[in-house]
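Keep in mind the model is a prediction, meaning the values are calculated, not measured. Atoms within each ligand, like the ligands themselves, are counted from 1 in listed order. Quick note: residue numbers are just sequence positions, from 1.
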Amino acid sequence: MDTLTFLGTGDAMGVPRVYCDCEICSEARMSGMNRRLRSSALVCDGQDMFVIDCGPDWRKMMELIEMREVQSMLITHAHFDHIAGLPEWADACRWLGRKGNLYAPREVLEQIGRQYPWLSGHINMMEADTGITLCGWDITCWKVNHGKNGYSYAYRFEKNGYAWVYNSDSIHLSEEEKKPLHGLDLLVLGTSFVHETAEFSTRSVYDMKEAAELLAEVKPKRAIYTHMSHDVDTRKKLDLPVGTELAAFGMVVKIKR
Ligand SMILES: [Zn+2]
Ligand SMILES: [Zn+2]
């Protein structure tokens with residue numbers, strides 16, 4: 001069976017934020033309902049699997065789900081909350097004596113190579129620009145606006161007529177950037193805030209208000225929000241569009257017709 005499992009569902013700082021004593025960060029420290037690791041997900045076809053993004057919580061995630069090895073990783077962009085676990089993964093590959101496969105657009109691979117030059121000793125760097133296939137999924141990527149942080153990449157997956165997109169870090173997409181979001185069975189979208197009041201030029205990820213407008217436009221059958229900051233209280237019933245829910249650690253989604 002094809003499944004998508006959410007591992008991390010937090011924004012770049014995770015929840016709780018180290019410096020913060022707000023109600024949600026405090027709750028995250030106490031009961032943990034709002035505790036969120038940096039965004040990452042696991043795709044499995046029942047036999048093979050791959051992980052999307054490898055942030056600083058990668059090691060912790062692996063321990064929590066009791067998984068000992070990852071053969072393949074797909075990376076959206078080279079921000080630390082999406083790649084800071086790569087050196088640990090490379091070390092694990094070294095100890096296992098098996099090279100891992102890292103897939104990303106060429107320029108992301110170059111950025112990663114500059115940051116961690118030793119990585120390619122233990123990991124095969126594979127370009128994903130013109131499309132790849134993993135676990136039977138035909139995977140394409142495209143550049144998406146990431147606001148003040150530049151841009152990220154989104155991935156579209158297709159298999160047996162089922163189509164879904166993973167787009168954790170984007171804001172205010174252009175018409176061109178929205179095109180691959182049409183006709184989806186599932187859209188996984190990063191929404192850092194319920195409503196972010198900071199000045200637009202300082203922002204980098206959709207808030208839930210803007211996301212609702214995007215969903216109304218591209219009409220996926222189902223949507224799941226991830227990459228959520230300490231602004232989002234998952235204990236509360238939020239006013240979300242029909243067919244939309246919040247991701248949570250360990251949540252398993254069937255990705256199949
Ligand atoms: Zn991010
Ligand atoms: Zn980012």
Side-chain angles (χ1 to χ4, degrees), residues 4 6-20 24-25 28 34-43 51-61 73-89 102-116 128 141-156 165-174 177 181 187-194 196 198-208 210-211 214 223-232 234 246-249 251:
L4 166 69
F6 286 91
L7 303 178
T9 60
D11 72 342
M13 301 290 290
V15 185
R17 291 189 178 190
V18 168
Y19 66 86
C20 186
I24 293 164
C25 286
N34 277 300
R35 198 174 297 152
R36 292 189 275 278
L37 303 174
R38 266 56 75 89
S39 287
S40 176
L42 171 75
V43 178
V51 170
I52 305 174
D53 284 335
C54 186
D57 297 320
W58 175 73
R59 179 181 175 280
K60 194 169 186 177
M61 283 170 192
M73 290 258 195
L74 194 56
I75 302 293
T76 57
H77 62 309
H79 286 160
F80 91 96
D81 56 321
H82 299 261
I83 64 165
L86 288 176
E88 284 182 320
W89 180 44
L102 189 159
Y103 299 86
R106 184 199 184 101
E107 62 169 338
V108 175
L109 292 180
E110 285 169 358
Q111 282 172 289
I112 292 170
R114 279 196 294 275
Q115 236 160 302
Y116 310 122
C141 62
W142 77 102
K143 239 178 195 177
V144 289
N145 179 29
H146 194 359
K148 95 161 196 305
N149 288 341
Y151 52 87
S152 173
Y153 282 82
Y155 285 101
R156 182 176 167 122
V165 160
Y166 187 88
N167 177 26
S168 60
D169 291 53
S170 72
I171 190 167
H172 196 62
L173 295 177
S174 69
E177 290 167 337
L181 298 181
L187 171 58
V188 179
L189 184 69
T191 55
S192 287
F193 288 73
V194 176
E196 192 174 9
E199 214 238 301
F200 187 77
S201 64
T202 67
R203 298 178 47 213
S204 55
V205 176
Y206 276 106
D207 70 15
M208 290 184 187
E210 298 154 338
L214 177 69
I224 301 175
Y225 293 161
T226 187
H227 205 280
M228 296 172 285
S229 77
H230 67 161
D231 182 55
V232 182
T234 50
L246 304 184
F249 175 80
M251 176 176 161

Trainee: Checking side-chain hydrogen bond (donor to acceptor under 3.5 Å, both in side chains) for the pair S170/N145: CA distance, chi angles, key distance, verdict?
Mentor: CA-CA 5 Å; S170 72; N145 179 29; over 6 Å; no

Trainee: Taking side-chain hydrogen bond (donor to acceptor under 3.5 Å, both in side chains) as the criterion, tell me which of R38, R17, H227 meets it with D11.
Mentor: R17

Trainee: Could you please tell me which protein N, O or S atoms lie under 2.8 Å from the Zn ion (ligand 2)?
Mentor: H77 NE2, H79 ND1, H146 NE2, D169 OD2

Trainee: Can you name the nearest heavy-atom pair linking L4 to A41, along with the distance?
Mentor: CD1-CB, 3.7 Å

Trainee: Mind checking whether H82 and H77 have parallel, tilted or perpendicular rings, split at 30° and 60°?
Mentor: tilted

Trainee: Output yes when a side-chain donor or acceptor of D53 lies under 3.5 Å from a complementary backbone atom of T76, and no otherwise.
Mentor: yes

Trainee: Taking all non-hydrogen atoms of both residues into account, name the closest pair between H146 and S204 and its distance.
Mentor: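 Heavy-atom minimum between the residues: ND1-O, 2.9 Å.
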
